[in-house]
Amino acid sequence: VYDFFHEPVEGSVGNPREFAEGLARGTSSLVQNSVFGVFNSASKISGSISKAATSISLDDDWKRKQSRKYRSKPNDVGEGLTSGIRRLGEGVFDGITGIVSQPIKGLNEEGSAGLARGVGKGITGLILRPMVGVVDLITDTTEGIKSFASDSILRERKRSPRYIGIDHILIPFDPKKSDMQSLLRTIDEGQFEKQYYLNSW
C-alpha cells in the first residue's frame, strides 16, 4: 500500500512520464503484495488441514512419506499445479488400492493381528488419502503462486533509491546523487547509514 502512494508522489516531482511510471510501479507492487499475502495465508491454512488429517491416520509409513513431501516447496505456479495434481492422483489411487493391499500386507507381516490393523488402515486410508490429496492440490498450487509473487516482490530494483538530502526535500530523480547516497549507506556494513551525501568533485 505504501508503494501505491509513494511511487506516484515521487514521480510527480519530475514530469508526467515519471508520474505514470511511478503509478505503474505502485500499482504493480500493491497487486504483487496483495497476491502474496492472500496465497500465503491460503497455503498455510490448507497445509495445516493436510497435516492434521495425516496425523490421525493409522499408517505410520504414509505419515513419514507425507512429512517428506511437506519439506518440498514448488517454485512457481506450473510446478505447484503439477505437484498438486500428482499428489491428488496418488491419494486417490492409494486410498482405493489400500482397501486390499493394507490387509494383505498386515497379514503377511503380523498374522491375524496385522490383518485387523490392515483393515483399519485400509478403511481410514480410503477416506483420508483422497481428502488429503485434494487439500495437497490446493496447498501446492497456492504455494506455487505465493513463490511466484514472492520472486516478483524480491526482484532486484533497476535503479538506486531516490536521493533525499539532509533537508528532506523531494527533488527530481538524480542518478548520480542517488547512486552515491546508496553507496555511502551500504559500505562498511552500513556504518554510514545515517549520513547524507553532499557533493563530489
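Here the structure is a predicted model, which means the values were calculated and not measured.
Across all their heavy atoms, I164 and L170 have their closest contact at CD1-CD2, 4.0 Å. Nearest heavy-atom pair, S178 versus F173, reported as atom, atom and distance to 0.1 Å: OG-CE1, 3.2 Å. The minimum heavy-atom distance between T139 and T142, with the atom names listed, is O-OG1, 3.0 Å.
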| request: Tell me, with the steps shown, if R86 and D140 meet salt bridge (Lys or Arg N to Asp or Glu O under 4.0 Å). | output: CA-CA 10 Å; R86 184 180 66 251; D140 284 1; over 6 Å; no
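Electrostatic pairing of K105 and D61 counts as a salt bridge here, judged by a charged N lying under 4.0 Å from a carboxylate O. We find that R162 and D174 are not joined by a salt bridge, their nearest charged nitrogen and carboxylate oxygen being 4.0 Å or further apart.
Side chain of S101 to main chain of T97: a donor-acceptor pair is present (N/O by atom type, distance under 3.5 Å, no hydrogens or angles). Judged purely by atom type and a 3.5 angstrom limit, S182 has no side-chain atom pairing as donor or acceptor with the backbone of D179.
Here the CG-CG distance, from D94 to D59, works out to 9.5 Å after rounding to the nearest 0.5 Å. S160 contributes atom OG, which lies 14.5 Å from atom NZ of K177 (distance to the nearest 0.5 angstrom).
Between L137 and I85, the closest side-chain pair of non-hydrogen atoms falls below 4.5 Å. Residues V134 and L88 meet the side-chain proximity criterion, which asks for heavy atoms closer than 4.5 Å.
Cluster membership check: V119 does not share its hydrophobic cluster with I99, using side-chain heavy-atom separations under 4.5 Å among Ile, Leu, Val, Met, Phe, Trp and Tyr.
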